[in-house]
Every structure is written in C-alpha cells, then in structure tokens.
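Read the numbers this way: they start at 1 and go in the same order the structure lists the ligands and their atoms.
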Amino acid sequence: MIITLEPDAPESQIDGVVRLAARYPGVSTRTFTFQGEASLISEVHLIGSTAAVPTEPFEALPGVRRVVRVSKKYRLIGRHGPGTETHEFEYNGVRFDGRRLHIFAGLCAVDTRDHVAQTMAALEKAGIQTTRMGVYKPRTSPYDFQGLGKACLPWVFELAGKHGIRVIAMEVTDARHIDEIREALEKSGEPTGVMLQIGTRNTQNFELLKHVGQQRRFPVLFKRGMGISLEESLNACEYVASEGNANIVFCLRGVKTHLGDPHRNLVDYAHVPVVRRQTRLPVCIDPSHAVGRMDRAPDGLPDIFHVVGQGLIAGASMVLIDIHPRPELALCDGPQALHVDELPRFVRYAEMVRGAYEDIVREFGQPGA
Ligand code: PEP
Ligand code: MN
C-alpha cells in the first residue's frame with residue numbers, strides 16, 4: 001500500500017502515517033521523498049501483510065492525498081492508477097521529469113582524447129549539456145576493444161567540465177566501476193556528473209543492479225534486456241528501486257531477432273506508451289543500438305532519425321545517440337554513429353518532433369501527463 005501525502009507535507013504528518021501503520025502486525029514502512037519542480041512529494045510505503053489493512057484510517061489522516069493498494073509487481077517503479085506522479089528528479093542541475101527533452105549524444109566508446117574534445121566542443125556549440133561516453137565496454141568478442149577503463153576518466157571528466165557538460169551516461173558492468181567513477185570525479189573536483197548506465201547485457205545481473213540501487217549519488221539509465229520480455233526487464237529495473245535508488249530513466253533499445261533485419265535490432269518503440277503507463281519512470285530511446293547503421297531513406301533522412309521520430313512522437317523524453325567526429329575510425333560501433341557535423345540538424349529534428357508530440361497531446365490528450 002502506498003500513502004501519498006500532500007506536497008510539502010511536514011514531518012509530523014509523515015510520522016502520523018508511520019505511527020498508524022505500526023499498529024498493524026507484520027507491516028513495516030519505508031518513506032520515500034522526491035523533489036518535484038515546485039514541491040517535495042513524500043510517500044509512505046507499507047510493506048508486508050497489508051492485505052487486511054484498511055485504507056480508510058489512512059485516508060482520514062491529515063495531509064494524506066491518496067492511498068493506493070499496489071500489486072507486488074513494480075511496487076516502486078509502477079504507476080499505480082491514474083494521478084500517480086511521474087518520478088521526477090534533478091541531478092547536477094538537470095531535471096528529469098518526462099516533460100522536457102534531453103539528448104545524450106556522444107561516443108559509444110571513448111577512444112582518443114582528441115575525439116572526446118571534438119565531440120564535446122560540438123555538443124557545447126549545439127547547446128547540449130548531456131552526453132554518453134562508453135569507458136567500460138561489454139563486447140561480444142573478447143578480442144574486440146574493451147574500452148579504456150578508469151585510465152581515461154580524469155581527462156574525460158576534465159573535458160566535460162571545460163565544455164559545460166553536466167551529465168555523462170556511462171555504462172558500468174561491475175560494482176567496482178561505480179567506485180572508480182566516484183573517485184575520479186572527486187579527484188578532478190567534480191567538474192561534471194555521471195548517470196550510471198545498465199546495458200542490455202546486464203539487465204538481469206541482479207548483483208550489479210543491487211549495487212547501483214544501494215547508492216543514491218548517481219542516477220541510473222536502465223536499458224531493457226534484448227532477449228527478454230518487457231515484464232522481465234521492468235521487474236529487473238524494480239531491483240534498483242527496491243534497494244533505495246528510484247532515480248531511474250528506462251531506455252528502450254530494440255530487441256534481438258532477425259525479423260528486424262536489416263536493422264541491428266527490432267525497434268521496440270511501440271512500448272514507449274506501455275512503459276509510461278505501467279511505470280512512473282521517464283522513458284529514453286536509443287536509436288543507435290536499435291538500428292545499428294547509418295542508411296538513409298529516399299527522403300534523405302537516416303533510419304536513425306525516423307525511429308527517433310517514432311519514439312518521441314510516442315512520448316519518450318530522452319534520446320541516447322552515438323555521434324563521432326570520425327565514425328570510420330571509431331573503435332566501437334562506428335557504422336551507427338552520426339557525424340558530429342550533423343548534430344545541429346539532429347537536435348532541430350528531435351525538438352521539432354517533441355514539439356509536435358506536445359501539440360498532439362494538447363489537442364487530443366491530457367496535457368501535463
Ligand atoms: C551502449 O549503449 O553502449 C550499449 C552497449 O548498448 P546496449 O547495452 O543497449 O547494447
Ligand atoms: Mn555501442
């Protein structure tokens with residue numbers, strides 16, 4: 001059962017809910033607060049034998065806005081009925097609320113300092129403060145480039161700070177990577193921030209998920225598993241929240257099947273509204289790993305643009321996209337990288353589609369949802 005309090009509820013009202021819950025045997029509580037744009041939202045979650053706990057006494061308490069019985073599934077990330085707030089959070093000055101668009105454009109894998117510098121300069125020029133930089137690369141073959149690892153973190157963070165980058169999406173494949181990132185950020189004076197990315201190969205690496213969930217310093221970009229159902233991916237995502245960190249963006253990146261050929265994966269952006277309905281998380285799309293190539297349609301637009309359009313028109317609010325100053329030299333996924341010179345065009349395109357989505361919702365939907 002989730003008891004949501006009125007915005008900015010005082011501590012005494014939260015305590016009132018917790019005290020009432022303590023009267024029911026076998027029930028424990030956990031309090032969650034998250035900062036909305038204008039107010040602090042608090043929720044008290046009743047855990048354990050809640051089936052026999054009535055809702056009315058809680059509804060009658062001062063400051064209680066809503067009491068909802070939740071199924072066990074997606075207890076924390078789930079959107080339990082209409083009116084549930086999207087889980088909003090702010091990290092390093094960037095707000096993730098499902099209402100504003102974020103473009104995380106950058107290198108699939110950090111290769112040279114010069115390429116990082118050129119990429120970040122292009123981002124700064126395009127007015128973008130968010131990027132992706134792969135440092136720990138999970139590769140299909142052990143003989144492929146595995147990423148530069150912690151050695152490159154100092155100069156990646158330094159360059160990010162220089163170019164005004166506030167958040168870097170960075171995949172971690174092992175708990176010790178979180179410590180390496182934390183230490184490197186501290187040593188370099190915190191010039192930027194990091195969003196920990198869980199890649200599709202680790203969607204069900206439950207021990208790693210527990211580690212990213214146990215720390216609250218870094219938010220999490222959680223990718224769906226490429227060969228499992230959406231339900232399994234969402235259950236895995238719940239692991240992160242259940243350990244204490246609900247600052248999560250859920251990312252669709254396509255699913256593995258040859259039925260999507262010639263694309264690398266079958267684009268699954270029909271699931272954008274499903275994830276938005278079933279969970280309260282902002283939704284990201286990754287067109288680069290979904291499409292996997294830079295082919296263009298007869299209208300001149302790359303397939304990657306077209307699928308970004310599909311995801312944004314369906315309500316996604318974040319795009320993770322590979323760009324590179326010299327795609328032909330990239331050590332990982334060069335064929336799917338957009339040239340940095342095309343970034344301004346891409347940004348304009350994405351903003352146009354997002355604007356069209358907002359117009360459509362204003363006319364046909366429920367604004368503010
Ligand atoms: C990536 O974003 O670099 C990546 C490896 O993606 P995925 O986990 O979706 O394959
Ligand atoms: Mn890649």
Metal site the Mn ion (ligand 2): N/O/S of Cys332 inside 2.8 Å:
no
The Mn ion (ligand 2) reached by Asp322 (N, O or S, under 2.8 Å)
no
Aromatic ring pairing [X]/[Y], orientation class (parallel under 30°, perpendicular over 60°, tilted between):
| X | Y | value |
| --- | --- | --- |
| Tyr136 | His177 | parallel |
| Tyr349 | Phe346 | tilted |
| Phe218 | Tyr91 | perpendicular |

To the nearest 0.1 Å, how far is [atom] from its closest protein heavy atom, and which atom is that?
| atom | result |
| --- | --- |
| atom 8 (O) of ligand 1 | Thr200 N, 2.8 Å |
| atom 5 (C) of ligand 1 | Glu171 OE1, 3.6 Å |
| atom 4 (C) of ligand 1 | His289 NE2, 3.5 Å |
| atom 9 (O) of ligand 1 | Arg253 NE, 2.6 Å |
| atom 7 (P) of ligand 1 | Lys223 NZ, 3.5 Å |

Give the intermediate values and the outcome of salt bridge (Lys or Arg N to Asp or Glu O under 4.0 Å) for residues Lys223 and Asp286.
CA-CA 9 Å; Lys223 288 207 173 182; Asp286 175 345; 2.6 Å; yes
Atoms of ligand 1 under 4.0 Å from any heavy atom of Gln197, numbered from 1 in the order shown, are 1 (C), 2 (O)
Within the 4.0 Å heavy-atom shell around Gly199, which atoms of ligand 1 are there?
8 (O)
The Mn ion (ligand 2) to Asp333: nearest N/O/S atom name:
OD2
Backbone N or O of Asp341 within a donor-acceptor pair of the His339 side chain at under 3.5 Å?
yes
Please check this pair: side chain of Thr200 against backbone of Arg224, looking for a donor-acceptor N/O pair closer than 3.5 Å.
yes
Backbone, side chain, both or neither: what part of Met226 comes under 4.0 angstrom of ligand 1, heavy atoms only?
neither
Strictly below 4.0 Å, N to O, side chains only: are Lys210 and Glu207 in salt-bridge contact?
yes
